[in-house]
Engineer: 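Quick one: structure below, then a few questions.
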Amino acid sequence: MKQRIETGSLSTDGAKSESWLYYLLPPALLSLITAVVYYPSLHYEFQFDDIANISKHFNIRSNTFSTLWFSGTRWLSYWLNAIHYSIGKFDPYSYRVGNVIIHTLNGLLVFFLLLTVLSHLKKKNFFKDQAFSIAFMTSLLFLLHPVQTQTVSYVIQGELEGLATLFILSMALCLVKFALATSQGAKISFGALLFGLAIFSCGTKEIAVISPALFMLLDWFFIAQGNWQSFKSRLLIHTSLFIVISTVYLWLLKPAFFTKILTLNSVAKNNIGNVITHDPASLITPWMFAISQFKVILHYIWMFIWPFNISVEYDWMLVRGFLAPDCIFPLIALLFMAYGIYKLLLKDKAHVIAFGALWFAICMAPRSSIIASPELLVDYKTYMASFGLLLLLGSSLVYLFILACKIFKNVPVLAHQKYGTVALACLFALPMSYVTVQRNTIWRSGLEFWDNIIKNAPGKARAYNNYGVELSQGKHQFLEAIPYFKKAIAMDAKYPDPCNNLAVAYSHLGKTDEAIAALKHSLTINPYYPEGYNNLASFFIQKKEFEKAEQCLEIALKIRPYYGKAYFNRGRIYLEKGDQEKAWECFKNSCTKADLDTDIGFATFGRVSLGLQKFDDAIMGFTKALELNPNYPEARFSLANAYFLSGKHAESIPMYEVVVAATPQEYRAWYNKGEAHLKLNQIDKALVCFEHVKHLEEQLPHLPIRLAACYEKMGQLPKAKLELTKLANNTKIPENVRQMAKGFLAQIEKAA
């Protein structure tokens, strides 16, 4: 019998026979599990910075590939958002589906990259023998670990971090394929793809700058496998990649950016509502930020082992000094880990465990060192780095699964070690998936999102403020929201947002003077806050103090020229003053030149246009409103009226038909539809419509005249006379209508 050597290499005959298992079933299974786990979250609302970066990002409407082309270090992410906007405007579904697709592709790249490099290890060891199982388990962890929910469901960060990781893992696989290629054509193809991806990776997120270091790490451990001569043969590739990526970033970020960082002059200020220094007025310096990262890195490592204490935000503070307990003890723990890695490398210059640890360290270095940031720790920053940690965790689990397979070898599915480990991995995926789904529910609504942060980070002022916003705006519980705004104000006296939101709550409770006082206080803290000026204008409009309101709106529009709500409020002022034309111009600007291009904005513009007999504009406004919200109240009826009044009777009829189909009791639509048919000389159809509402003559005093007109055109003069006679003698009808009936009756009698 012919023996088969199980080397794990994809080029062996044995591996070829398993091509379905290697190349089809694992990706399909991993993709399916990921889709099932994240499916419930696809319709969740935008939360946190997604609102500012998507819903309130005005240029998302006009951004194109050509206008964004290398315009910044995140231009590809902005272009992706422009694509999502073109699909569903601000419906979160498309954005979230896109993030799940990116995340799934990253997980599959983890699988194929590890399968390839581990299978081609020269030394026969645990990692080579279990290449498939380790690749599958690591990919499964990457896709389903609860920590990853923050990146996937935090839409804007999922795009940024996800795209950067997608490019880097793709480039890593290209580098490996380039090194393994035996034909010149394949080498040229993979090399060209590698450099093309490198250039475009600079448009995802700034973290992509570390890719040259990651590729050298990957080369040393899995291509050269600790052999200097082999590694040296690809130094030209690595040097070229470094030059290309550095040149693009120097061009996009400018040399001064890097000089400032390297000379330790890059300081940061606290974010309002998110103070991380013990003195709120202090700057965040590179040194204090760096020594505060020791405890952060330990947290990042531990959360992948025990993901039950994670949060979107934390209320951690910078350490007080190098000898502070929360600095020195984490540093000692990290030094022990570093020593362990050193010992591993002494034993094996290309130890896989050391690779995983170093990958994590390199990915975290720019974010957890001397680049000061107002965010001390954020879990989504570990997304790219997690590949290294999860490789270690996945390898450990595979080792435990192998032990389980040996102990329970009489169980059929565990008899074959490779398939047994995969079966145990899938079994392990069940509780992990459950935890991930449960963790992901915090993104379901703003109330759940900020309630979770209050529980996990009670020292964050903005958590209380934003929870209050959800209570007031989402639930209309204005009285209940006030204590949360006051709590946020007490925690951070320099935080204007809760003052503004407190004012809005007071306004809804009828306390206009208290609202104005709160807003004025907010604007003393931050005089460049357009929402504050707009809200203040609203309160002045309520008090009929139009001059003060206009002054506020003028400031708001100077700060944010595309502020649609400010144009809207300016239109309200002109309506109050009786200047219909200027009001119309403001409402038009609010939705066509500014960011109130919503169903409300367009419908309001349509109504004002209709009142001014600007019928084409009214048609445009109501059409846009219905595109954005097909169920917008009265919009379809108003659109039908706009068509009718503009003389486009044929176009009005289908609109009226939709209205009467949805609301058969809408007598106005029946009547107007009859008028349109009558204008088009479609007498039979007009008569059907008028007779449908004949029992409502009191609400429609002109109805008998329209019925008489139909009868007269059909030659049924007695019926026409009867309708007109009854109307002329009806003293309950307005005199002008009775006179119209008498005139029409005389006309018929004369013609007869």
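Predicted, not measured: the structure shown is a model, and the values here were computed from it. All values below were derived from every heavy atom in this structure, side-chain atoms included, with hydrogens, water molecules and symmetry-related copies excluded.
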Engineer: Would the number of heavy atoms belonging to other residues, nucleotides or ligands and lying under 6.0 Å from OH of Tyr399 be above 12?
Structural biologist: no
Engineer: Which residues satisfy the side-chain contact (heavy atoms from CB on, under 4.5 Å) test with Phe336, sequence neighbours excluded?
Structural biologist: Ile332
Engineer: Working to the nearest 0.5 angstrom, can you tell me the gap between Asp497 CG and Asn526 CG?
Structural biologist: 8.0 Å
Engineer: Go through Met384 and Leu214 one step at a time and tell me if the side-chain contact (heavy atoms from CB on, under 4.5 Å) criterion holds.
Structural biologist: CA-CA 11 Å; Met384 188 187 300; Leu214 293 176; 4.2 Å; yes
Engineer: Could you tell me if Tyr44 and Asn440 have a donor-acceptor pair between their side chains, going purely by distance under 3.5 Å?
Structural biologist: no
Engineer: Got more than 12 heavy atoms from elsewhere within 6.0 Å of CZ, Phe126?
Structural biologist: yes
Engineer: Do the side-chain N and O atoms of Lys349 and Gln225 include a donor-acceptor pair separated by under 3.5 angstrom?
Structural biologist: no
Engineer: Taking only Lys NZ, Arg NE, NH1 and NH2, and the carboxylate oxygens of Asp or Glu, determine whether Glu161 and Lys381 approach each other closer than 4.0 Å.
Structural biologist: no
Engineer: Output a table of donor-acceptor pairs, distance under 3.5 Å, between side-chain atoms of residues 486-496 and any protein atom two or more places apart or on a different chain; print 'none' if there are none.
Structural biologist:
unit_1	atom_1	unit_2	atom_2	d
Asp492	OD1	Lys494	N	3.1
Asp492	OD2	Gly273	N	2.9
Tyr495	OH	Asn465	ND2	3.3

Engineer: Tell me if a side-chain donor or acceptor on Thr436 pairs with a main-chain N or O of Leu144 at a distance below 3.5 Å.
Structural biologist: yes
Engineer: Any luck finding a side-chain donor-acceptor pair between His299 and Asn309 under 3.5 Å?
Structural biologist: no
Engineer: Is it the case that more than 12 heavy atoms not belonging to Phe90 sit under 6.0 Å from its CZ atom?
Structural biologist: yes
Engineer: Are a donor atom and an acceptor atom from the side chains of Tyr78 and Asn59 found within less than 3.5 Å of each other?
Structural biologist: no
Engineer: Does Asn270 form a side-chain hydrogen bond (donor to acceptor under 3.5 Å, both in side chains) with Thr277? I'd like the steps, not just the answer.
Structural biologist: CA-CA 7 Å; Asn270 282 297; Thr277 57; 2.8 Å; yes
Engineer: Under the 3.5 angstrom rule, does the side chain of Tyr467 hit a backbone N or O of Asn452 as a donor-acceptor pair?
Structural biologist: no
Engineer: Just wondering, are more than 12 heavy atoms of other shown residues or ligands nearer than 6.0 Å to NZ in Lys343?
Structural biologist: no
Engineer: Which residues satisfy the ring-ring contact (aromatic ring centres under 6.0 Å, His included) test with Trp443, sequence neighbours excluded?
Structural biologist: Tyr154, Phe449
Engineer: Where the side chain of Thr138 meets the backbone of Ile134, is there a donor-acceptor pair that is under 3.5 Å apart?
Structural biologist: yes
Engineer: Test of understanding: with ring-ring contact (aromatic ring centres under 6.0 Å, His included), list the residues that count as partners of Trp75, not counting sequence neighbours.
Structural biologist: Phe65, Trp69, Phe70
Engineer: Within the 3.5 Å criterion, strictly below it, is a donor on Glu159 or Asn81 matched to an acceptor on the partner's side chain?
Structural biologist: yes
Engineer: Apply side-chain hydrogen bond (donor to acceptor under 3.5 Å, both in side chains) to Glu531 and Asn500, showing your working.
Structural biologist: CA-CA 8 Å; Glu531 285 86 354; Asn500 182 62; over 6 Å; no
Engineer: Between Leu393 and Leu389, does a side-chain contact (heavy atoms from CB on, under 4.5 Å) hold up when you go through it step by step?
Structural biologist: CA-CA 6 Å; Leu393 186 57; Leu389 276 185; over 6 Å; no
Engineer: Please determine whether side-chain contact (heavy atoms from CB on, under 4.5 Å) holds for the pair Leu141 and Met432, giving the CA-CA distance in whole Å, both sets of side-chain angles, and the decisive distance to 0.1 Å.
Structural biologist: CA-CA 9 Å; Leu141 285 169; Met432 186 167 61; 3.7 Å; yes
Engineer: Side chain of Thr34, backbone of Leu143: donor and acceptor closer than 3.5 Å?
Structural biologist: no
Engineer: With rounding to the nearest 0.5 Å, note down the distance linking CD1 in Ile371 to CD1 in Ile261.
Structural biologist: 4.0 Å
Engineer: Compare all side-chain heavy atoms of His103 with those of Phe142 and state whether any distance is below 4.5 angstrom.
Structural biologist: yes
Engineer: Does any part of the side chain of Ile276, heavy atoms only, come nearer than 4.5 Å to the side chain of Ile284, both counted from C-beta?
Structural biologist: yes
Engineer: To the nearest 0.5 Å, what is the distance between CG (Leu160) and OG1 (Thr204)?
Structural biologist: 8.0 Å
Engineer: Under 6.0 Å between ring centres: does that hold for Phe48 and Trp450?
Structural biologist: yes
Engineer: Do Asp348 and Leu344 have side chains that approach each other closer than 4.5 Å (heavy atoms only, starting at C-beta)?
Structural biologist: no
Engineer: Atom CG of Leu318 and atom CE of Met288: how far apart are they, to the nearest 0.5 Å?
Structural biologist: 6.0 Å
Engineer: Counting N and O atoms only, with roles assigned by atom type, does the side chain of Ser41 sit under 3.5 Å from a partner on the main chain of Tyr38, one being a donor and the other an acceptor?
Structural biologist: yes
Engineer: Do His238 and Phe215 make the cut of ring centroids closer than 6.0 angstrom?
Structural biologist: no
Engineer: Determine whether a donor-acceptor pair (N or O, by modelled atom type, separation under 3.5 Å) exists between the side chain of Asn501 and the backbone of Val469.
Structural biologist: no
Engineer: Kindly state each residue pair satisfying ring-ring contact (aromatic ring centres under 6.0 Å, His included) with at least one member in residues 345-373, sequence neighbours excluded.
Structural biologist: Phe221-Phe355, Phe222-Phe355, Phe355-Trp359, Trp359-Phe387
Engineer: What is the distance from atom CE of Met303 to atom CD1 of Ile305, rounded to the nearest 0.5 Å?
Structural biologist: 11.0 Å
Engineer: Is a donor on one side and an acceptor on the other found under 3.5 Å between the side chain of Gln293 and the backbone of Leu376?
Structural biologist: yes
Engineer: Classify the side-chain pair Thr441/Gln438 by whether it contains a donor and acceptor separated by less than 3.5 Å.
Structural biologist: no
Engineer: Can you name the ring-ring contact (aromatic ring centres under 6.0 Å, His included) partners of Tyr95, sequence neighbours left out?
Structural biologist: Phe46, His84
Engineer: Which residue in the set Ile168, Leu169, Leu163 passes side chain to side chain contact (heavy atoms under 4.5 Å, CB included) when paired with Thr165?
Structural biologist: Leu169
Engineer: So, His145 side chain and Phe304 main chain: donor-acceptor pair closer than 3.5 Å or not?
Structural biologist: yes
Engineer: Could you tell me whether a side-chain N or O of Glu45 sits under 3.5 Å from a main-chain N or O of Ser445, the two making a donor and an acceptor?
Structural biologist: no
Engineer: Is the backbone N or O of Gln150 less than 3.5 Å from a side-chain atom of Ser153, with the two atoms forming a donor-acceptor pair by type?
Structural biologist: no
